[in-house]
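Contents: one structure, followed by commentary.
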Amino acid sequence: ASYESRRYGCRSAQPMVQALRLCPRAIVVPPRPDLYREASRAFHAILRGSSPLVESAGLDEAYVDLTGVGGGGAGGAVERAAIAGACDRIRSELGLPVSACVAGSRTTAKVGSDRAKPDGLIVVEAGGDAAFLAPVPVRELPMVGPRMAQELAASGVATIGELAALDRRWLQVRFGRVGAAVHDRARGRDPSPVRAQPRSARSVSREVTFGADVLDRDTLRRTLARHAERVGRDLRADGRRARTVTLKLRWGDFQTLTRSRTLERPTHATRALAAAGEELLDGVLAERGRRGVRLIGLAASNLVAEDLQLGFDAAAGPAARASQRAGARAATRGRPGAAPAPRGAPARGAGEEADGGSLPGE
DNA sequence: TCTGGGGTCCTAGGACCC
DNA sequence: TCTGGGGTCCTAGGACCC
């Protein structure tokens, strides 16, 4: 939604009917994903001109690590010049508005660039992150969504500064790990590094919302089969196989549920994905009866790389995996006479879990 | 905000194993 | 046989992000 249309209440993710009701004179432009991808490539390329350390955060957003670029000069003048130059190129070469923020942490940079919209540049002086964030409403801090903002408001916390002043343990008890993470970020501390190398996907999925609630089982099956085909194609193109298949359903009343199954052996075959999905669907329909379905989705997760999964053919199934684990443990202990670990043993986790289950980038 | 589609990560309980 | 602790995996759901 353009900034002009937003004045009438149009937003992203809004059904077209509703947008046109709010703004009848709006100009409707058909989406052109190829064009966006091309512009995105050019956008990232320009940023890489200011620093090699560029992390993409989607088609139209990126973090640039400028550490070392400025040489610690006063007021961030060199950093400002580097980013201002990149922004000018984006405007002149791509014809796109762009907003940016130079700051000491990526969280502050994110908050600042949102505040610089639609076409501005904000520079936060070195060491000034916490002071810059303090007056900003908590909802503008990444990781604070509608739910957390509401709970914080109930405790009288409206700004990021007030969040920063809270007791860390209280936040942790109330919100778990996210509580501690937002506390750090509210104070201008953000341990997550800028990663130039994108991590490989953890899951691949397709879903569709029907125009009208669907009761017909065949329609659901066919839709699921189409999802399976696309998910399978993506997996094969990526050289990966999935161990877990998840079905997602949303009923007419918007209530949403998921059902998942972990397969004996990982697959990227359309048929296997579809079969697992159908089985899950049959299970839900048997248990819940006939209800209108508004959305149906299929996801593949627990992904293993193609070249690492060969061993699974010889050693599939829970029992075999357990003995694999035992074998691997024995091998690690170096017990004399212990069976060598099967070839497939390192498959799970090798490369997949390299940076653990921590918060993004921590 | 009557609500798309594609993702990520966390949590919590239960099963199972040592 | 009973009890307990710790670890991992699986499943379901939820918050959040672009």
Side-chain angles (χ1 to χ4, degrees), chain A residues 1 6 8-19 21-22 31 33 36 40 55-63 106-107 110 113-114 138-152 172-182 185 192 198-211 227 230-231 234 243-264 280 283-284 287 294-303 317-319 321-326 328-330 333 348-349 353 355-362:
Chain A
R6 281 174 202 229
Y8 294 84
C10 297
R11 303 178 320 273
S12 63
Q14 188 173 43
M16 189 59 74
V17 208
Q18 199 185 334
R21 210 158 44 220
L22 290 162
Y36 310 151
S40 179
E55 175 181 328
S56 178
L59 280 180
D60 64 345
E61 202 170 296
Y63 294 95
R106 55 189 288 160
T107 299
K110 167 69 176 152
S113 68
D114 282 342
V138 273
R139 187 58 244 275
E140 291 184 38
L141 191 71
M143 304 178 82
V144 178
R147 184 68 192 273
M148 192 168 172
Q150 193 187 339
E151 288 190 37
L152 287 170
Q172 231 160 349
V173 168
R174 187 102 181 234
F175 301 106
R177 297 171 67 138
V178 177
V182 295
R185 284 152 178 76
S192 55
R199 289 191 295 168
S200 48
R202 320 281 282 185
S203 65
V204 177
S205 67
R206 287 294 186 282
E207 65 184 52
V208 68
T209 300
F210 297 117
H227 288 339
R230 293 177 180 168
V231 168
D234 282 4
R243 290 198 53 231
T244 305
V245 176
T246 302
L247 168 79
K248 175 174 170 183
L249 282 184
R250 177 169 293 158
W251 309 113
D253 63 3
F254 211 74
Q255 193 200 330
T256 307
L257 62 78
T258 61
R259 290 291 179 270
S260 66
R261 239 197 79 187
T262 296
L263 308 170
E264 286 281 293
L280 291 165
V284 176
E287 132 201 358
R294 180 171 303 178
L295 171 151
I296 187 165
L298 187 76
S301 60
N302 228 324
L303 307 183
R321 282 200 298 278
S323 81
Q324 268 184 10
R325 284 197 295 273
R329 273 194 304 276
R333 280 197 302 272
R348 184 207 323 279
E353 326 249 336
D355 31 30
S358 60
L359 288 162
E362 282 185 335

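Chain letters run A, B, ... following the sequence lines, proteins first, then strands; residues in each count from 1.
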Heavy-atom side-chain proximity of A:His227 to A:Val208 below 4.5 angstrom: yes
Under a 3.5 Å cut-off on both pairing distances, which runs of 3 or more consecutive Watson-Crick or G-U pairs involve DNA chain C? B:5-18 with C:5-18
Residues in side-chain hydrogen bond (donor to acceptor under 3.5 Å, both in side chains) with A:Gln255, at least two apart? none
Categorize A:Leu257 for me: base, sugar-phosphate, or nothing, with a 4.0 angstrom heavy-atom threshold over every strand shown. sugar-phosphate
Rounded to the nearest angstrom, tell me the gap between atom CE in A:Met16 and atom P in B:dT3. 14 Å
Would you mind classifying the nucleic acid contact of A:Ala299 as base, sugar-phosphate or nothing, using non-hydrogen atoms under 4.0 angstrom? nothing
For A:Arg243 and C:dT11, what is the distance between atoms CZ and P respectively, to the nearest whole Å? 9 Å
Is a side-chain donor or acceptor of A:Glu61 paired with a backbone partner of A:Gly58 at a separation under 3.5 angstrom? no
What integer distance in Å separates A:Arg139:CZ from B:dT1:P? 14 Å
Gap between atoms CG and C1', on A:Leu249 and C:dA12 respectively (whole Å): 13 Å
Mind calculating the distance between CG (A:Asn302) and P (C:dC9) to the nearest angstrom? 9 Å
N/O to N/O distances under 3.5 Å, protein versus nucleotides 4-8 of chain B:
from, atom 1, to, atom 2, distance (Å)
B:dG5, OP1, A:Thr209, N, 3.2
B:dG5, OP2, A:Thr209, N, 2.9
B:dG5, OP2, A:Thr209, OG1, 2.3
B:dG6, OP2, A:Glu207, N, 2.5
B:dG6, OP2, A:Glu207, O, 3.1
B:dG7, OP2, A:Ser205, N, 2.7
B:dG7, OP2, A:Ser205, O, 3.3
B:dG7, OP2, A:Ser205, OG, 2.9
B:dT8, OP1, A:Arg202, N, 2.5
B:dT8, OP2, A:Ser203, N, 3.2
B:dT8, OP2, A:Ser203, OG, 2.5

Answer with base, sugar-phosphate or nothing: what part of the nucleic acid does A:Gln14 contact at a heavy-atom distance below 4.0 Å? nothing
Just the rounded figure in Å: distance from P of C:dC18 to CE of A:Met143. 12 Å
Whether A:Thr262 contacts C:dT11 is assessed here as follows: a side-chain N or O lying under 4.0 Å from the phosphate OP1 or OP2. Is that the case? yes
Nearest listed nucleotide, side chain of A:Thr258, among C:dG13, B:dT11, C:dT11: C:dG13
Residues two or more places apart in sequence or in another chain: which of them pass side-chain contact (heavy atoms from CB on, under 4.5 Å) with A:Ala149? A:Arg139, A:Val144
Can you tell me how far P of C:dC9 sits from CG of A:Leu263, to the nearest Å? 17 Å
Sticking with atom C1', work out how far B:dG4 lies from C:dC17, rounded to a whole angstrom. 14 Å
Closest to the A:Arg259 side chain: B:dT11, C:dG13, C:dC18? C:dG13
Any salt bridge linking A:Lys110 with A:Asp114? Criterion: basic side-chain nitrogen under 4.0 Å from a carboxylate oxygen. yes
Under 4.0 Å between a side-chain N or O of A:Gln255 and OP1 or OP2 of C:dG13? no
Taking the side chain as C-beta and beyond, is there a heavy-atom pair between A:Arg185 and A:Ser192 under 4.5 Å? yes
A:Val178 versus A:Met148, closest heavy-atom pair with distance: CG1-SD, 4.3 Å
Which residues share a side-chain contact (heavy atoms from CB on, under 4.5 Å) with A:Thr256, sequence neighbours left out: A:Lys248, A:Arg250
Rounded to whole angstroms, how far apart are CG on A:Leu141 and P on C:dC16? 12 Å
Closest non-hydrogen atom pair, A:Trp251 against A:Arg294: O-CB, 3.9 Å
Looking at residues at least two apart in the chain, or sitting in another chain, which of them share a side-chain contact (heavy atoms from CB on, under 4.5 Å) with A:Asp60? none
